[in-house]
Amino acid sequence: MSDLIQLTAAELSAKLTAGEVSAVEAAQAHLDRITAVDGELHAFLATDAEASLAAARAIDERRAAGEELGELAGVPLAIKDVLVTTDMPSTSGSKILEGYRSPFDATAVAKARAAGLVNIGKTNMDEFAMGSATENSAYGPTHNQWDRSRVPGGSGGGSAVAVGAFEAPLALGSDTGGSIRQPAALTGTVGAKPTYGGVSRYGAIALASSLDQIGPCARTVLDTALLHDVVAGHDAHDSTSLDHAWPSMAAAARSGADPTSLRGLRVGVVKQLMIDGVQPGVKARFDESLALLAAQGAEIVEIDAPHFEYAVAAYYLILPAEASSNLAKYDSVRFGLRVTPQGGGTVESVMSETRAAGFGAEVKRRIILGTYALSAGYYDAYYGSAQKVRTLIQRDFAAAFSQVDVIASPTAPTTAWALGTHGGDPMQDYLNDATTIPANLAGIPGLSLPIGTASEDGLPVGLQLMAPAFEDARLYRAGAAIESLITARDGAPFWAQAPSLAGAPTGKANA
Ligand code: GLN
């Protein structure tokens with residue numbers, strides 16, 4: 001395996017700046033890695049070597065001309081297919097958008113390009129970001145790089161595996177109920193869901209607009225922070241994007257690398273997030289990480305959040321309601337697929353046959369649920385009640401943050417499960433997000449980082465940290481401190497322990 005792909009984004013950017021490596025070499029090394037392993041992992045839906053190399057060449061030329069470039073200029077970036085890009089197709093994992101080319105770049109993508117990052121490919125995802133395993137992709141599942149027979153989590157399994165398997169040092173994702181954090185946990189990588197409105201949603205194919213948030217993925221907390229800094233900020237194209245002077249997340253991560261920064265940090269553990277379904281090996285790693293924090297002088301405080309137990313139920317009314325409205329635009333006229341019945345058909349039959357053929361089962365289930373929840377006579381009972389629960393959850397968080405600086409929980413109650421095992425029972429997928437959904441309902445930031453493997457299956461376990469809205473930097477500071485403690489404990493960074501590094505290109509399932 002080329003040494004270049006094992007560098008963190010921070011290390012690679014230092015070599016690019018020093019002129020030791022060119023952007024073309026960095027792009028080529030990652031494209032070669034994708035060619036070598038992605039046939040088995042399927043983290044990518046689209047790559048375009050010519051487009052990526054042309055973008056890299058342009059960076060090299062600008063550097064050679066003496067232009068002052070951004071810190072990450074020349075670093076490859078994988079982009080979840082939920083974000084529209086002009087240079088490659090954008091499908092959101094759906095057949096209804098097969099081959100769709102956007103006339104513009106999503107703002108997060110445009111910011112990344114302006115910073116000199118090189119689009120290395122579009123990553124696989126559950127159709128319209130609905131799922132927890134990337135098994136709902138219309139283009140087939142992504143495989144976990146730790147064990148190819150396991151799911152990588154979802155909906156952003158492609159972005160998580162892309163960084164975890166060294167196909168890209170950085171990736172963008174979207175998190176509506178956990179789709180950045182939960183795949184990070186299941187693949188042993190790092191992922192952040194920024195404060196709602198922290199990153200523009202313009203050009204992000206909408207799932208549930210009041211919950212969706214674009215965010216960064218990487219192998220280290222610092223790399224995640226570096227990408228966060230690039231994509232954050234106000235955007236006139238997104239009326240919900242915040243006009244806020246964000247501090248540097250990378251500076252916060254760098255200051256956190258010294259674990260003494262944890263002294264006095266008040267860490268809340270929510271009783272209701274330690275649910276019955278938490279796998280023993282996940283619980284053990286979580287408790288161990290609390291002990292590491294306490295040993296550094298952090299204070300662990302038990303928190304009661306009585307309404308969290310209704311979070312999944314409220315989410316699965318609010319999300320389908322908003323999704324049913326957002327997905328109404330796939331009407332066979334404006335985007336993508338059109339199925340014309342034999343003999344021509346009417347406007348209505350073309351529309352319904354297109355939607356029948358273009359949407360998968362989970363998308364149809366949620367459209368039906370959402371349409372029902374919003375229908376006259378049921379609106380108050382379902383959607384209205386769910387919105388009230390949302391307010392109560394926000395109040396639980398406000399009460400918690402009057403006592404603690406951050407909240408910690410396992411990112412997901414389990415490690416990665418075997419592909420195909422949840423088939424036909426969507427509830428099992430839904431419940432895997434019980435720990436991540438509350439942050440989306442409240443609009444607060446969350447970060448997941450690996451804290452070890454579970455003893456029963458040897459698979460990665462993630463720690464989730466949450467902070468009040470606008471306090472994303474606090475997560476990077478604490479996250480980097482915990483990461484350095486885990487590295488010291490294990491004698492190596494967590495990402496270097498993935499079996500994919502030990503010779504076989506795609507993990508122990510190859511052995
Ligand atoms: N797994 C959750 C769902 O299926 C979260 C999805 C997401 O964050 N996009 O809705």
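Whatever order the structure lists ligands and atoms in, that order sets their numbers, starting from 1.
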- How about D396 and Q272: does a side-chain donor come under 3.5 Å of a side-chain acceptor? no
- Message: Tell me whether L319 has any N or O atom under 3.5 angstrom from an N or O of ligand 1.
- Response: no
- Taking atom types as modelled, find out whether T176 and N440 have a side-chain donor-acceptor pair closer than 3.5 angstrom. no
- Task: Number the atoms of ligand 1 from 1 as they appear, then name those within less than 4.0 Å of a heavy atom of D175, with their elements.
- Result: 8 (O)
- Message: At less than 4.0 angstrom from any non-hydrogen atom of A129, what atoms of ligand 1 do you find?
- Response: 6 (C), 7 (C), 9 (N)
- Note on the structure: Numbered in order shown, the ligand 1 atoms found under 4.0 Å of a heavy atom of M130 are 4 (O)
- State whether the side chain of T195 and the backbone N or O of A469 hold a donor-acceptor pair below 3.5 Å, judged by distance alone. no
- Message: What protein heavy atom lies closest to atom 1 (N) of ligand 1? Include the residue and the distance to one decimal.
- Response: D433 OD2, 2.4 Å
- Query: Side chains of S159 and T123: donor-acceptor distance under 3.5 Å anywhere?
  - Reply: yes
- Query: Could an N or O of ligand 1 be found under 3.5 Å from any N or O of L207, whether backbone or side chain?
  - Reply: no
- Looking at S155, which atoms of ligand 1 are within less than 4.0 Å of one of its heavy atoms? 9 (N)
- Message: Below 3.5 Å, N or O to N or O, backbone or side chain included: is there any such pair between G154 and ligand 1?
- Response: no
- Task: Would you check if there is a donor-acceptor pair between the side chains of E127 and S94 at a distance under 3.5 Å?
- Result: yes
- Can you check whether S179 has an N/O within less than 3.5 Å of an N/O in ligand 1? yes
- Is ligand 1 under 4.0 Å from a heavy atom in the side chain of R366, in the backbone, in both, or in neither? side chain
- Can you see which heavy atom on D405 is nearest to which on R474, and at what distance? O-NH1, 2.8 Å
- Message: Once you restrict to heavy atoms under 4.0 Å, what part of T176 touches ligand 1? Side chain, backbone, both or neither.
- Response: both
- Distance-only polar pair, side chains of S132 and Q182, donor-acceptor under 3.5 Å: no
- Message: Using heavy-atom distances only, which candidate in F128, Y316, Y430 approaches atom 3 (C) of ligand 1 most closely?
- Response: Y316
- Verify the distance criterion only: is there a donor paired with an acceptor across the side chains of Q279 and T415 at less than 3.5 Å? yes
- Query: Heavy atoms, side chains only, cut-off 4.5 Å: are F397 and M466 in contact?
  - Reply: yes
- Message: Students should be able to answer this: which protein heavy-atom is nearest to atom 5 (C) of ligand 1, and at what distance?
- Response: Y315 OH, 3.2 Å
- Query: If you count the atoms of ligand 1 from 1 in the order shown, which ones are under 4.0 Å from a heavy atom of G177?
  - Reply: 5 (C), 7 (C), 8 (O)
